[in-house]
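FYI, side chains are in, hydrogens and waters are out, and symmetry mates aren't considered; it's all heavy atoms of this structure. Only a predicted model underlies this, so the values are computations on that prediction, with no experimental measurement involved.
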Amino acid sequence: MASSATRPSGHCAPPQKASPVDRRRHLRTRRLLQVAAVVEFGRQAATLSGDSQRQQLLRQAAGAAGGSRASASGPEAPSSTPPSSKAPSSTPPSSKAPSSTPPSSAAPSSTPLSSASPSSVAPSSASPLSTPAEETYDPKAHWGIAKPKGLLFDAGDGSTFIMNGWNTRDIMYNALTPAGRARVTKLFTQARSMGLTVVRAMACNDGSRHIIQKNPETFDETVLQALDWVMEESRKFGIRLVLAFAGNWESKSVYASWYKYRSGNNQTVPDDFFRVKDMKDWYKALVTKVISRRNTISGMLYKEDPAVFSWQLMNEPRATSDFSGKTVQDWLREMAAFVKGLDSKHMVSAGVEGFYGPSDPSRFPVNPDRWAEEQGNDFIAEGKIPNIDYLTVHIYPQLWMPGRPYSTWLSFTSKWIKGHAEDCVNQLKMPMVFEEFGWKGDDVNATDARNGFFKVVFDETLEAAKGKATAGTMFWAMEDPSAFFSPWAVWYERDIDSTIGNLGRTVENMASLPGREGGSRAVYVCTAGLCKRRLPHLRFLQRDLRFVPRDLRFVQRDLLFVRWDLRFVHLLFVQRGLRFVRCDLRFVRPDLRFVRPDLRFVQRISSLCSGISALWSGISALFASISALFGGIYALWGEIYALCGGISFPWLVS
């Protein structure tokens, strides 16, 4: 991991001459307002029953925001964006990574709306502000089954479709509970506010907690019904799904353990998943179960549902037991044909990462390192497999090149994208999507580094898209802390002022390319304020927020005076009162000094009386003893007299 000095600066610079404390307070205020707006918007949208009502809510949101701005600013408001909305360079001073940033005049501003409030998105009786038709793109108006269109995609009605999407692997499993479904609705609302229209998720066993295929022949109907709900919810939002049937890091081990248990073959290894017939049949059973399913909510067959963008054979298939790549290629060829046999309408993707193999050794320098040649992959050969409709590429410089400087990661990213774009146009001639790229870390420095990395990815893919050398991007990953969450996650609420803003601007740039009549532009009014080209009044809202820190400074000063007043009151009255109490105590102490000798005299008299009493008790005891002695003597004489037979002693008698 590179030091913080080699990382790019943060996306949102503070207002000029503002202290770090003011900046943090400003960002905290903006974030709270934005989160409140998005949550309220999702709640409103989730309660509406029809698409027309959802559209009405969106138009009313635009009207409320536009009306409030018009009344606040007036026609004399300036039109330039504030300094804090400028995007920083993605490459640190020490970085040598090439950059292909589009002209700044062509990139619309995308500073997040920081003054949004729940009231601004609630339905009202006010007249809505209509957004020009040519400035919006409604994916549901082009809701057909997507298919390849040269090096791009067709939305299903002949219009061009640019994939602007993201990854959230556990959407299906979130939908198992009401709370999880609320998270999915919230996530879809946030995604649409950014202009995203495609999400990639797992439709297979994902670890030990998330199980759809309990054993080779048994499937969990509850999980499948959760997938039904996700399909229907995505249709309501105009979001399409890329569903992966397996994962290299989870599925192979699961199938291998089943086979080892049933066959008793303890020599089974995960790569046997690609070779053993039984394991391939179990995989095909899952594929058949999903593709042939009829949605229990809509009644539509999955294989006829436009909500499915494509079926993906596997996430990141690798076979390190066969460096030639033949094992993976043979498996992809067999499974792609099998899927097409079940569903010839939807597209199929392989899910590979893009490592180059022995079919074209001249491309080895593009790989991140020599180990990539030993993963059993071959991008060129895999791209030529029949029934594969578009190419996939992943980008993870942190994982692939550990310990390298940050500038090296950025330069590799640029080279990786350019190399695959060349092969897409010159050799493979089919659509290509950079469907996974992410950055690990959740502190401030990691966020800045991620923004720099994302900017390189988006700048390079935008340049490639200008030549139709790429058909879209899907970042990893937008998640929710209350569900599946990892250090790789982009979190909407936390990253609203940085990564989310960059993503929104990228969607705008992609959609604004010539000939993109069906680009993935947002149908929903951007509650996060990212589509500022459509809502120019949002610029003024942020300007107003620049004054908020100053107002907060005045409030802080007032609180300072209040504290001084309280200290004065305390010192003036409380301390004076304590002084009087102390003086009274000083007068009491001399009196107590006189009391103490008297008490000592009383103690002595008491001790003397106690001694006399004890002496008198001793004398009484002595007299009692003498009396007892004389009684004994008298009794003794009586006995002697009886022994002597009654002899009298006159002298004794007398």
Side-chain angles (χ1 to χ4, degrees), residues 31 34-48 54 57-58 61 112 116 118 121 139-140 163-203 206 210 223 226-244 307-309 435-436 438 442 473-496 498-504 506-507 520 522-531:
R31 186 172 294 116
Q34 292 158 353
V35 170
V38 171
V39 171
E40 176 65 16
F41 184 82
R43 187 187 66 79
Q44 294 277 350
T47 58
L48 298 180
R54 292 173 186 265
L57 172 62
L58 298 172
V121 295
K140 290 186 288 185
M163 180 189 284
N164 287 305
W166 82 100
N167 290 264
T168 301
R169 64 185 300 163
D170 67 337
I171 282 181
M172 177 176 67
Y173 294 101
N174 259 278
L176 287 169
T177 65
R181 293 187 177 187
R183 285 194 294 269
V184 174
T185 300
K186 172 186 171 184
L187 197 66
F188 282 176
T189 303
Q190 294 170 345
R192 291 301 299 121
S193 76
M194 299 161 59
L196 305 177
T197 52
V198 183
V199 59
R200 178 169 171 261
M202 307 298 283
D206 190 11
H210 297 157
V223 177
L227 182 57
D228 292 343
W229 181 88
V230 170
M231 297 276 280
E232 185 65 11
E233 190 73 0
S234 67
R235 182 195 63 79
K236 294 176 183 177
F237 281 88
I239 293 174
R240 304 171 194 250
L241 300 167
V242 176
L243 296 176
V308 176
F309 182 82
E435 71 168 8
E436 268 197 48
D442 52 10
T473 58
M474 304 181 75
F475 68 92
W476 184 280
M478 192 155 71
E479 298 169 0
D480 190 293
S482 60
F484 177 83
F485 198 66
S486 72
W488 297 90
V490 174
W491 178 16
Y492 190 92
E493 288 85 349
R494 181 193 64 192
D495 301 320
I496 187 71
S498 55
T499 307
I500 297 297
N502 295 340
L503 292 168
T506 299
V507 173
S520 299
V523 54
Y524 289 169
V525 175
C526 288
T527 58
L530 303 175
C531 302

Which word best sums up how the rings of Y173 and H210 line up, parallel for under 30°, tilted for 30 to 60°, or perpendicular for over 60°?
parallel
So, using salt bridge (charged side-chain N to carboxylate O under 4.0 Å, His left out) as the criterion, who are the partners of E436 when residues are at least two apart?
R200
If you compare all heavy atoms of T168 against all heavy atoms of M478, which two are closest, and at what distance to 0.1 Å?
OG1-O, 2.6 Å
Minimum-distance pair of heavy atoms, taken over all atoms of A203 and M172
CA-CE, 3.8 Å
Separation of R494 CZ from I500 CD1 (nearest 0.5 Å)
9.5 Å
Counting C-beta onward and ignoring hydrogens, is there a side-chain heavy-atom pair between E479 and W488 closer than 4.5 Å?
no
If you compare all heavy atoms of D480 against all heavy atoms of K186, which two are closest, and at what distance to 0.1 Å?
OD2-NZ, 3.4 Å
When you measure from the side chain of R192 to the backbone N and O of L196, does any donor-acceptor pair fall under 3.5 Å?
yes
Is any side-chain heavy atom of V308 closer than 4.5 Å to a side-chain heavy atom of M231?
yes
Can you pull the salt bridge (Lys or Arg N to Asp or Glu O under 4.0 Å) pairs that have at least one residue in residues 173-184, sequence neighbours excluded?
none
At their closest point, which heavy atom of V230 faces which heavy atom of F188, and how far apart are they?
O-CE1, 4.4 Å
What one should report as the nearest heavy-atom pair of V507 and M194 is CG2-O, 3.4 Å
Can you check whether V198 reaches M474 side chain to side chain, under 4.5 Å on heavy atoms?
yes
Is N502 close to F475 at the side-chain level, that is, under 4.5 Å between some pair of heavy atoms?
no
Qualifying residue for side-chain hydrogen bond (donor to acceptor under 3.5 Å, both in side chains) with T185, from E233, K236, Q190
E233
Taking only residues two or more places apart in sequence or in another chain, which ones pass ring-ring contact (aromatic ring centres under 6.0 Å, His included) with W229?
none
Mind listing the closest non-hydrogen atom pair of I496 and E493 along with its distance?
CG2-O, 3.7 Å
Stepwise side-chain contact (heavy atoms from CB on, under 4.5 Å) check, W166 with I239
CA-CA 11 Å; W166 82 100; I239 293 174; 3.9 Å; yes
Rounded distance [0.5 Å steps], CG in L227 versus CG in L243
6.0 Å
